[in-house]
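Worksheet: one structure, shown below.
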Amino acid sequence: MTDQLMFETWSELLRAEFPAGAHFGFKLRRRTITVNWLPFAGAEPVYGELHSLSIVFTNIAWKGYRGARAARRARADANLVALVKAAQSQYATEAAFKKPVDELEVEVASVDLFPPPVGGTQTSQGDLRAA
């Protein structure tokens, strides 16, 4: 699987988690997927505001996904969607406290995509932080 194909696969997978006009970008050297979108207030977009999410993959996570078999990739895809949903909930949390957040970054390690088997220990849940 090529890097471009990985980006396209993940973009299509994550597209359902964002508003209709979201723009997906890819920074290969940084193993980063960026998503920019206008937030909505009801049915209308809020112009003048732009939300941004950067999904940064460690080298091991990137290579591990690229070399994984289909069933393992499917589990990794589900874990990635869960991390992105958690990051998006950060926008709602910050808005409730009237603390503006324009950009969030999710760092994705190999353990986030491929957690240890049940009964093993997981050392990371993904690092969510406001940029």
Side-chain angles (χ1 to χ4, degrees):
M1 173 175 267
T2 66
D3 292 332
Q4 183 64 36
L5 183 56
M6 284 173 60
F7 164 68
E8 291 170 6
T9 299
W10 278 333
S11 294
E12 287 307 310
L13 174 74
L14 296 173
R15 194 164 302 283
E17 304 304 320
F18 295 92
H23 176 266
F24 286 76
F26 181 49
K27 298 175 184 174
L28 174 61
R29 290 183 185 251
R30 295 184 179 154
R31 295 174 309 277
T32 302
I33 295 173
T34 59
V35 187
N36 300 302
W37 71 96
L38 290 173
F40 280 78
E44 297 296 318
V46 179
Y47 293 102
E49 289 188 31
L50 183 67
H51 286 179
S52 178
L53 177 68
S54 295
I55 308 164
V56 183
F57 298 86
T58 64
N59 192 37
I60 294 171
W62 192 261
K63 287 183 178 182
Y65 185 89
R66 187 170 44 203
R69 294 180 188 225
R72 194 161 188 221
R73 281 187 191 157
R75 286 190 304 273
D77 290 345
N79 292 334
L80 179 61
V81 169
L83 286 171
V84 168
K85 283 182 179 182
Q88 287 183 305
S89 71
Q90 194 79 7
Y91 278 110
T93 302
E94 298 298 331
F97 291 105
K98 301 201 183 327
K99 180 179 173 188
V101 174
D102 296 328
E103 182 175 339
L104 289 175
E105 183 175 286
V106 178
E107 292 181 4
V108 181
S110 182
V111 72
D112 298 318
L113 293 179
F114 307 109
V118 175
T121 59
Q122 186 169 349
T123 59
S124 173
Q125 283 294 327
D127 179 19
L128 300 179
R129 62 183 168 180

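If you chain together hydrophobic residues whose side chains sit under 4.5 Å apart, I60 and L83 never meet in one group. Following chains of ILVMFWY side-chain contacts shorter than 4.5 Å, one can reach V81 starting from M6, so the two form part of one hydrophobic cluster. Hydrophobic clustering of Ile, Leu, Val, Met, Phe, Trp and Tyr side chains at less than 4.5 Å, counting indirect connections, keeps L113 apart from V56. Criterion: ILVMFWY side-chain heavy atoms under 4.5 Å apart, direct or through other members. Under it, F18 and I55 are part of a common hydrophobic cluster.
For the pair A109 and A61, the tightest heavy-atom approach, listed with the atom from each and the gap, is C-CB, 3.6 Å. Of all heavy-atom pairs spanning S52 and N36, the tightest one is OG-OD1, 2.9 Å. Smallest separation of non-hydrogen atoms from L14 and L80: CD1-CD2, 4.3 Å. Taking each heavy atom of S110 and T58 in turn, the nearest pair found is N-OG1, 3.8 Å.
A 4.5 Å side-chain heavy-atom check between D112 and V106 finds every atom pair outside the cut-off. Contact check for N79 versus F114: no side-chain heavy atoms found under the 4.5 Å cut-off. For the pair K27/R29, no side-chain contact is recorded, criterion being any heavy-atom separation below 4.5 Å from C-beta on. The closest side-chain heavy-atom distance from L28 to F7 is not below 4.5 Å. Counting only heavy atoms from C-beta outward, the side chains of R31 and N59 approach each other to under 4.5 Å.
Listed by first and then second residue, the ring-ring contact (aromatic ring centres under 6.0 Å, His included) pairs involving residues 58-78 are W10-W62, W10-Y65, F26-W62, F57-W62 (not counting sequence neighbours).
Remark: R30 CZ is loosely packed, at most 12 non-hydrogen atoms of other residues, nucleotides or ligands lying under 6.0 Å away. Shown here is L13, whose CG atom has more than 12 heavy atoms of other residues, nucleotides or ligands within 6.0 Å.
For E8, the side chain to side chain donor-acceptor pair (under 3.5 Å) criterion is met by Q4, not counting sequence neighbours.
Within the 3.5 Å criterion, the main-chain N or O of E17 finds a donor-acceptor partner in the side chain of Q88.
The residues D3 and R66 are annotated as salt-bridged, a charged nitrogen and a carboxylate oxygen being separated by less than 4.0 angstrom.
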